[in-house]
Structures are given as structure tokens and as C-alpha cells.
Amino acid sequence: MTFDLILRNAAIVDRDGRADIGIANGRFTAIEASLPKGAPEQDLGGRLVVPGFVETHIHLDKSCLLGRCNCEKGTLEEAIGEVAKAKRGFTEEDVYARAASTLEKAIKHGTNRMRTHVEVDPRVGLTSFRALKKLKADYAWAIDLQLCVFPQEGLLDDPGCDDIMLQAMREGADVVGGAPYMDKDSHGQIARIFELAKQFGTDIDFHLDFGLEPAHLDLDEVCRMAEQTGWGGRVAIGHVTKLSAMPTADFEAAAKRLASAGVAVTVLPATDLFLTGRDSEYNVPRGVTAGHKLRALGVNSNVSTNNVLNPFTPFGDVSLIRMINLYANVLQVGAMTDLAACLDMVTSASAKLLNSADYGIKVGNPADLVVLDCGTKAEAVCEVAQPLFGLKRGVRTFERPAASLHRPH
Ligand SMILES: [Zn+2]
């Protein structure tokens with residue numbers, strides 16, 4: 001057997017012991033305790049190797065807007081209003097430049113698969129969508145990018161928006177998304193998004209059940225529609241902060257519902273921490289849903305970045321290892337097995353949400369991997385272990401050398 005590259009002494013995620021990884025023609029071709037010599041090789045010294053971080057929910061088109069928007073109240077309403085104003089000045093070049101800067105940070109932090117939401121409406125038209133389509137093609141060497149178009153300012157209550165959504169789907173949007181809370185008839189929007197998904201054969205990704213008032217949940221309707229249409233396994237809902245404000249029995253009932261309908265949940269800690277509970281002066285609620293508890297109850301749940309450097313979230317380095325550390329810290333995760341399982345929420349669980357069938361370090365799959373500066377999954381989460389380098393289809397896409405001390409001699 002001949003290889004283009006052998007990575008030796010790897011602690012491959014979810015595999016006992018250390019192994020050598022053989023790569024040829026962009027694929028994993030052998031994973032064994034010891035591979036023979038005869039190819040360029042690198043010793044990983046027992047470092048943890050993951051197939052790459054997977055971002056399921058980010059807004060590249062409205063990233064990096066801090067200089068153009070007010071962010072004084074820190075509320076959802078302010079954020080939507082400020083970005084709506086800024087959006088009127090978007091050009092394809094401007095969206096591309098900001099999105100590329102954010103995407104490059106993600107790649108350098110070890111993310112090699114991503115779903116980005118893209119706003120389309122009668123004001124911005126397809127400007128952002130077309131910019132991100134070009135971005136997707138230009139960066140395909142480093143990252144698989146899915147474009148999920150959605151009406152951030154409402155669909156049914158925004159005349160003309162449906163036509164623009166349709167046009168985006170015709171022009172190749174990968175996923176259809178919604179924000180039902182923006183329309184008076186939230187169930188009407190949910191129904192229309194399911195129609196579009198069926199028409200174009202795409203997965204669905206909603207922004208859903210934002211807020212802390214759990215009396216009314218749109219997730220019940222999304223689960224009902226997923227079952228009715230047979231779309232289980234192809235539907236995700238993001239934020240779902242209402243689940244953080246529920247007594248345990250209600251939370252468990254909602255989890256059961258989501259699991260049986262095949263609806264996945266994306267937790268977005270940075271935005272939810274920033275926007276939630278703005279009417280509290282003290283004892284501010286956290287508003288971060290316990291995705292790891294949903295997972296224990298059978299729901300596919302993951303953690304993602306959402307917004308970066310804009311009024312929805314004025315923070316962000318697009319590092320998913322930092323995001324899962326933030327999540328684990330806020331959700332008070334302490335047991336080693338639970339901390340280890342948190343790493344799945346930015347890797348394998350996220351890949352499952354994207355229905356990425358060829359994700360994972362196994363023979364035959366594309367040789368996508370990221371080497372982390374740690375030895376175990378729990379260490380990765382606890383220590384915000386930095387990615388040292390990554391491969392996409394066998395080709396090195398980034399390097400982040402570990403920091404080193406310059407000791408006095
Ligand atoms: Zn979002």
C-alpha cells in the first residue's frame with residue numbers, strides 16, 4: 001500500500017489506543033496500530049485527532065458590522081432593527097469581504113464544514129446570497145459550506161419576500177430556513193417553509209422559540225409538521241431558549257417530542273447569553289438551553305457560533321472549541337464523561353445535523369482532520385485546546401503552531 005502522508009501516533013477521537021493514519025488520493029486509506037515506512041510522515045505524539053469542527057449555524061452575511069451599528073440596549077429588537085438598516089447598504093463586494101474574513105477565522109480554528117444562514121428579503125434581495133455563493137466556491141478547498149436562506153424580517157408579513165425566497169431556492173440554496181416569530185401567523189410561516197423544503201428537496205433550519213416564556217412553543221408545530229411530511233432527520237431548530245426556562249418534567253416532555261419527530265436542536269450560547277434577560281436588572285437569566293441534557297434524552301443537539309461582531313453578539317473569534325468551553329462553563333458541566341461528550345456537540349453531532357454521511361476518521365472517507373493540542377476529549381473542552389493544523393481531503397489547509405516559551409539560557 002502506498003500513501004501520500006502518514007500521521008503517526010495519533011489519539012483518534014472515540015478510538016482506543018494510538019494509531020497511524022495513512023492518507024492517499026485525498027482519502028483515509030489505512031488506520032492501524034503501526035503502518036510501514038515509505039511515505040512522508042509526521043509524528044503527532046499522542047495528540048487528539050478529530051475529523052474537524054462543524055458549524056451548523058452562523059451568519060456570515062451580517063458578521064463584522066460593529067462599526068456600522070448601534071449596540072446599546074443589547075436587545076433582539078435593537079439588533080434586528082440595526083442590521084436591517086445596515087443591510088440596505090450591502091453590496092456583493094462588501095458582504096463577500098466581511099464573510100471571507102469570518103470564514104477564514106473559522107478555517108484557522110479547525111472548522112471544515114459549515115452551514116451559514118443568509119438573509120433574503122425585498123430590500124437586500126439576493127445580494128448576500130450571491131456573495132456567499134461565490135464564497136462557497138472560492139473556499140471549497142478548505143470548507144464545505146451550505147447556504148440556508150431565510151427571511152429574518154418575516155415572510156408572510158413582508159410582501160415580495162416569498163418570491164425572493166423562491167428565486168434563491170432556484171439559484172441553488174442548499175437549505176431553507178425560517179424565523180417564525182417574525183410573522184403574526186408563526187404556524188403559517190412554518191407551513192410555507194415545509195412546502196419550500198418539499199418542493200426543492202432540502203433540509204430545514206428554523207430560528208425558533210426565542211425568549212423565556214415557555215407557555216407557547218412553536219417546536220410542537222415544527223415536530224407535528226416533521227412527522228406529517230416525513231421530514232424527520234432533516235429539520236433543525238436553533239436557539240430554543242424557552243427550553244432553558246422550563247421545569248424538568250416539561251423539558252423532558254419537549255425532549256421526547258423532539259427526539260421522536262427527528263428534530264435537532266442547535267444551542268447558540270454567545271448570542272443567547274448576550275440577548276436574553278435584558279429586562280432583568282440582577283439575577284439575569286442565562287437563557288442557554290441544556291443541549292447535553294437533550295442529547296441524553298435522545299435529541300440530536302449541537303453548539304454553534306451564530307453571530308460574530310454585530311449587534312446580536314458583539315464578540316467572536318469563530319472558534320468552536322472556545323464556544324463549547326463557554327457552553328460547558330455556563331451549563332455547569334463538571335463530570336469528565338459529560339465534558340468529553342461536549343466535544344461531540346461541535347463535531348459528530350453537528351455533522352449528523354448537516355447529514356454529512358462522509359464525516360469521520362475511517363477508511364474510505366475524505367481525509368478531513370484537525371489535530372488538537374491535547375490528548376483527550378475532556379482536555380480539549382476544559383483547556384480550549386488549540387487546533388495545530390488541519391487537512392481537507394488530504395491537503396493541509398491551515399497551521400496554528402503551539403505557543404512556546406523562550407527560556408533564558
Ligand atoms: Zn441565527
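Just so you know, ligand 1 is whichever comes first in the structure, and atom 1 is the first atom listed for that ligand.
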> Measuring from E252:CD to L294:CG, what's the distance to the nearest 0.5 Å?
Replying inline: 10.5 Å
>> Run H207 and Y181 through ring-ring contact (aromatic ring centres under 6.0 Å, His included) and show every step you take.
In response: CA-CA 8 Å; H207 289 71; Y181 59 88; 7.2 Å; no
> Near the Zn ion (ligand 1), which protein N/O/S atoms are found at less than 2.8 Å?
Replying inline: H57 NE2, H59 NE2, H207 NE2, N306 OD1
> Taking 4.0 angstrom as the limit, do D218 and K242 come out as a salt bridge?
Replying inline: no
> A142 and I107: which non-hydrogen atoms are nearest, and at how many Å?
Replying inline: CB-CD1, 3.8 Å
>> Ignoring hydrogens, what is the shortest heavy-atom contact between R257 and D220? Give both atom names and the distance.
In response: NH2-O, 3.9 Å
>> Can you tell whether the side chains of E119 and K62 come within less than 4.0 Å, N to carboxylate O?
In response: yes
